[in-house]
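Count residues from 1 along the sequence. Just so we're clear, the structure is a prediction, and the values are computed from it rather than from any experiment.
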Amino acid sequence: MDYLPLITTVWSVLLYLNTLDANFAYDDSRAILKNPDLLPETPLWNLIYNDFWGTPLTHSGSHKSYRPLCVLTFRLNYLLGAFNPWGYHLGNVMCHALTTLVYTFVARVFLRTDLATVSAGLLFASHPIHTEAVAGLVGRADLMACLFFLLALLVYMRYVEQRSSDSPGSRWPSAVLVLLLTTAAMLTKEQAITVLAVCWTYDLFVAHRATLTDVITLRIFTQREFRGALEGFIFLAGCGSTLIGFRIYFMGNKPPEFAPSDNPASDSDSFITRTLTYNYLPSLNFWMLLCPRMLSFDWSMEAIPLVENFSDTRNLCTLFFYASLGYAMFRILKFTDHRHVLNDSCKSLFHTRKNYFNTSLRPNFNNNGSAGLNSNYSSHTNGFTKSRKHSLNLTASNSLCDSESHAQNNLPRLTTLPMRHVDVVVMSLAVIVFPFIPASNLFFYVGFVVAERILYIPSMGFCFLVGHGIQTLYTRYSATRKILLASLALLIVAFSTKTVLRNRDWQTEERLYSAGISVNPAKAWGNLANIFNDKHEKEKAEEAYKNALKYRPNMADVHYNLGILLQNQNRLTEAVESYKKAIQFRPKLSVAHLNLGIITSQMGDVELAKKIYSHCADLDTSGLKDPRLHDGTKISCLFNHGRLLMDQDKLQESLEMFNTALQRRPDHYPPQSIYNMIGEVYYKMQRFSEAEKWYKEALTVKPDHLPAHLTMAKLMQAKGLHSDAESWLDKAKRHHPSDLTIDFHRAQLYASINRLNDSIAIFERLLPLLSHDFDTVYNSANAYREADMKQKAEEMYLAAVKLKPSEPAAWMNLGAMLHINAKYTQAEQAYLKALELKPNDKVTSENLLRLRNLMGKHR
């Protein structure tokens with residue numbers, strides 16, 4: 001029994017055990033936490049039409065990453081453990097372990113020896129370049145694609161064997177299985193379709209021993225000896241064309257659109273810059289396989305500066321890389337051409353030997369019927385000796401010919417076909433090069449510069465090369481074997497240590513982004529700021545946002561997030577500037593428009609806020625990465641616009657706005673809030689039956705919808721059904737036992753039915769918790785006033801105007817309370833402020849007149 005696959009598999013599991021307690025990180029949020037395709041209520045059919053992030057493939061903003069099988073496994077994780085990250089990480093570790101198991105088996109087939117196999121297997125299990133694919137949950141696509149890639153290659157090798165066997169008809173089930181596995185690989189990650197090219201490389205250059213001359217002269221399509229390879233080519237080309245056609249059809253026949261920051265070279269107007277940069281990147285990727293010292297969660301935003309001219313020293317790396325690759329190809333072609341000549345020589349020698357035995361050693365019969373030997377044999381002893389020596393030389397030479405012609409002449413056995421040095425090198429380069437081509441920008445631009453997880457499949461070829469090289473050195477230089485083995489052990493230990501340490505970075509987002517500051521400071525600082533913000537570390541968050549903008553001032557997301565931070569600190573003017581800059585750098589950023597409208601409204605410029613909402617609602621969000629968010633934001637703008645109109649008592653216009661929001665509402669936008677606000681409009685119109693109908697519509701959609709419970713209570717209160725009103729508040733409390741707004745509404749209900757002591761008792765419990773909330777403070781002041789607690793009422797009105805200086809009712813009531821408390825000068829100032837905010841207000845004007853008359857009497 002071969003224990004090597006088991007050893008490498010166990011090693012791969014041990015290295016990644018510390019990822020099991022990791023949280024969601026980076027892209028995991030959008031692919032898992034915000035992906036509706038994971039939820040049971042989402043039809044499975046949606047996985048066929050949506051991309052990896054849950055966006056319809058035909059949408060202009062879709063990333064076009066079509067990986068339904070990977071999303072299906074995420075959905076299974078959700079069914080088993082909802083959004084518990086432990087199960088998702090366990091799934092990734094299991095995928096990596098299974099892939100390592102199959103990879104080691106394939107390495108055994110190619111490399112043959114224990115040393116080469118275990119070297120390649122352990123290097124693959126421990127290579128630090130794999131940490132992003134295993135520790136980052138979105139990397140499951142790469143893990144699964146690699147697994148299907150290997151299985152498809154193995155089955156194709158079996159197909160080649162069966163094709164040349166005594167019963168070639170048995171090959172078709174294997175061919176069908178190759179198609180199914182390749183399809184599964186492509187539906188897990190797109191680059192895995194390149195396994196078809198690797199399969200034909202095996203068929204042509206390993207199984208059929210084709211040479212460069214065979215390819216150039218098209219003998220592979222005309223000669224009988226390559227008939228099997230031709231069949232394989234037709235089969236693989238048919239599979240590839242069908243799958244690529246299917247893929248293009250489902251992505252809407254349009255390539256994805258990426259922001260310039262994702263792939264800066266693609267946005268360069270200089271052909272030289274694009275050419276030099278794109279030729280440099282493969283050498284950088286290969287260097288990361290050789291020396292994975294510097295790793296990062298993200299390489300965008302010019303983390304790798306563009307190569308803009310020929311004097312850039314990085315061009316030397318490009319030249320060295322391609323020179324080395326060219327030399328390797330030259331050696332391979334030289335060997336195959338030499339073998340081609342050798343094969344022709346072998347055929348000639350076979351023909352000579354056949355003629356020699358047919359003519360020189362064939363018995364002749366004389367006229368009397370007796371047998372005799374040919375005269376060349378019988379009369380020339382020296383000639384016989386020379387001929388015998390020649391036949392021995394023929395036999396020695398033929399040992400090479402036999403091994404070379406084994407696959408060509410019929411039987412390329414999966415377990416017996418001898419793998420030569422050149423075969424291993426050819427297959428290793430095929431596994432490195434072909435899967436990397438989709439990421440090379442050769443045929444189309446991609447949405448990244450360097451992505452470590454896309455090297456998961458190419459790293460297999462790299463590990464093949466290293467394992468084969470170690471075996472070659474071990475065989476040729478026996479005197480240094482101990483040094484070689486010690487060096488191998490040191491390399492594996494170093495890679496394993498780096499992997500374990502890198503896994504720790506992926507355990508939390510804060511560690512991950514902190515580790516990426518040296519590579520991509522703009523992106524890392526921006527993401528770190530979000531982490532600090534979530535932890536309510538406001539000063540650190542603000543500093544981090546500003547650090548990010550120092551490196552890249554045009555980051556719209558960072559300006560927007562800084563605006564939210566400033567808005568939450570009531571630094572409204574600064575927040576407005578941040579939102580305006582976010583819109584400047586990304587005019588379609590609808591959430592920035594929405595928040596700008598909210599702040600503008602809070603600052604008292606209602607008309608400007610309405611214009612902002614109207615503009616946001618009509619934004620074209622095509623080409624945006626998250627169209628669900630932006631489409632929902634546009635509905636929120638309509639919703640807020642309708643509320644402003646309702647507050648201005650423009651009830652019919654408000655109703656029309658809410659109905660427009662309903663008509664434009666995408667399926668993923670919940671309608672209950674709109675239903676409830678339509679009910680509010682009818683409530684203000686005194687059309688209580690229609691209001692009740694819409695409140696109940698909201699509760700039908702979402703039975704625990706808190707605003708609908710509260711508005712139903714308010715409606716019952718308006719009808720004089722106070723017990724029913726309190727009953728609705730009780731229902732709301734059962735659904736939301738810790739929500740303080742229910743207590744606030746109960747306090748208002750008690751105040752309205754003159755249960756002032758009960759109302760004040762609730763307000764006094766709420767005020768320490770909601771001292772920043774204007775409505776709570778303002779209405780508590782009203783309760784204190786009704787209870788004739790004049791001084792307390794004055795204090796609360798004063799606190800209310802500080803919280804909302806633009807609210808005229810608060811200034812008017814503060815003036816009235818100061819008026820009652822005989823603080824006439826202060827009362828006059830309060831009335832004047834109220835009139836400034838709401839000129840010609842009748843109640844305020846009358847109160848001011850009374851106050852001045854009173855002040856005149858006192859004078």
Q | N23 (side chain) donor-acceptor with T508 (main chain) under 3.5 angstrom | A | no
Q.
What verdict does the side-chain hydrogen bond (donor to acceptor under 3.5 Å, both in side chains) test give for E132 and W506, after you've listed the backbone C-alpha separation in whole Å, the side-chain angles of each residue and the deciding distance to 0.1 Å?
A. CA-CA 8 Å; E132 182 180 16; W506 281 89; over 6 Å; no
Q: Check whether any side-chain heavy atom of T55 sits under 4.5 Å from a side-chain heavy atom of R30, and report yes or no.
A: yes
Q. Run the ring-ring contact (aromatic ring centres under 6.0 Å, His included) check on F149 and Y103 step by step: do they pass?
A. CA-CA 10 Å; F149 185 105; Y103 174 75; over 10 Å; no
Q. Which residues satisfy the salt bridge (charged side-chain N to carboxylate O under 4.0 Å, His left out) test with R171, sequence neighbours excluded?
A. E231
Q: Measure the acute angle between the ring planes of Y456 and F124, then classify it against the limits of 30° and 60° as parallel, tilted or perpendicular.
A: perpendicular
Q.
For T499 and H127: C-alpha separation, side-chain torsions, deciding distance, then whether side-chain hydrogen bond (donor to acceptor under 3.5 Å, both in side chains) applies.
A. CA-CA 7 Å; T499 294; H127 204 301; over 6 Å; no
Q. Backbone N or O of P5 within a donor-acceptor pair of the T8 side chain at under 3.5 Å?
A. yes
**Q.** Point-to-point distance, once rounded to the nearest 0.5 Å, from NE2 of H96 to NE2 of H130
**A.** 6.5 Å
Q: Check whether the ring centres of F83 and Y88 lie less than 6.0 Å apart, and answer yes or no.
A: no
Q: Give the ring-plane orientation class for F286 versus F462, where under 30° counts as parallel, over 60° as perpendicular and anything between as tilted.
A: perpendicular
(Q) Please determine whether the number of non-hydrogen atoms from other residues, nucleotides or ligands lying under 6.0 Å from atom CG of D667 exceeds 12. (A) no
**Q.** Side chain to side chain, V13 and T100, heavy atoms closer than 4.5 Å
**A.** no
Q: May I ask you to check whether N18 and Q507 show a side-chain donor-acceptor distance below 3.5 Å?
A: no
Q. How far apart are the closest heavy atoms of P671 and R665, and which atoms are they?
A. CB-NE, 3.7 Å
Q: State whether the number of non-hydrogen atoms from other residues, nucleotides or ligands found under 6.0 Å of R504 atom CZ is greater than 12.
A: no
Q.
Would Y16 and T131 count as a side-chain contact (heavy atoms from CB on, under 4.5 Å) here? Give the steps.
A. CA-CA 8 Å; Y16 285 96; T131 54; 3.9 Å; yes
Q: Apply the test salt bridge (Lys or Arg N to Asp or Glu O under 4.0 Å) to residues D505 and R502: give CA-CA distance (whole Å), side-chain angles for both, the deciding distance (0.1 Å), then the verdict.
A: CA-CA 5 Å; D505 290 339; R502 182 60 178 161; 3.2 Å; yes
Q: Could you tell me whether Y66 and F52 have their ring centroids closer than 6.0 angstrom?
A: no
Q. Between the side chains of N561 and N530, does any donor sit under 3.5 Å from an acceptor?
A. yes
Q: Indicate yes or no for a side-chain donor-acceptor contact from N46 to the backbone of T42 under 3.5 Å, with no hydrogens or angles considered.
A: no
**Q.** salt bridge (Lys or Arg N to Asp or Glu O under 4.0 Å) between R163 and D203, worked out
**A.** CA-CA 11 Å; R163 190 179 62 202; D203 199 344; 2.7 Å; yes
Q.
Going by the rule side-chain contact (heavy atoms from CB on, under 4.5 Å), which residues pair with K523 if we only count those two or more places apart in sequence or in a different chain?
A. Y26, F297, D298, S300, M301, N520, N527
Q) How many angstroms lie between CG in L187 and CG in L243, if you round to the nearest 0.5 Å? A) 8.0 Å
Q | Distance-only donor-acceptor check, side chains T73 and R140, under 3.5 Å | A | yes
Q. Can you check whether A197's main-chain N or O pairs, donor with acceptor, with Y202's side chain at less than 3.5 Å?
A. no
Q) Ignoring hydrogens and geometry, is there a side-chain-to-backbone donor-acceptor pair from E452 to I129 under 3.5 Å? A) no
Q) Do any N or O atoms from the side chain of R75 and from the backbone of D37 form a donor-acceptor pair under 3.5 angstrom? A) yes
(Q) Between V519 and M294, is the side-chain contact (heavy atoms from CB on, under 4.5 Å) condition met? List the steps. (A) CA-CA 8 Å; V519 175; M294 184 69 71; 3.5 Å; yes
(Q) We want to know whether Q162 and S170 form a side-chain donor-acceptor pair, criterion being a heavy-atom distance below 3.5 angstrom. (A) no
Q: Take atom CH2 of W11 as the centre, draw a 6.0 Å sphere, and report whether it contains more than 12 heavy atoms from other residues, nucleotides or ligands.
A: no
Q) Is any side-chain N of the basic residue among D28 and K34 closer than 4.0 Å to the acidic one's carboxylate O? A) no
Q: Please lay out, stage by stage, how S590 and H630 fare under the test side-chain hydrogen bond (donor to acceptor under 3.5 Å, both in side chains).
A: CA-CA 6 Å; S590 57; H630 293 281; 2.7 Å; yes
Q | Close aromatic pair by centroid cut-off 6.0 Å: F246 and Y249 | A | no
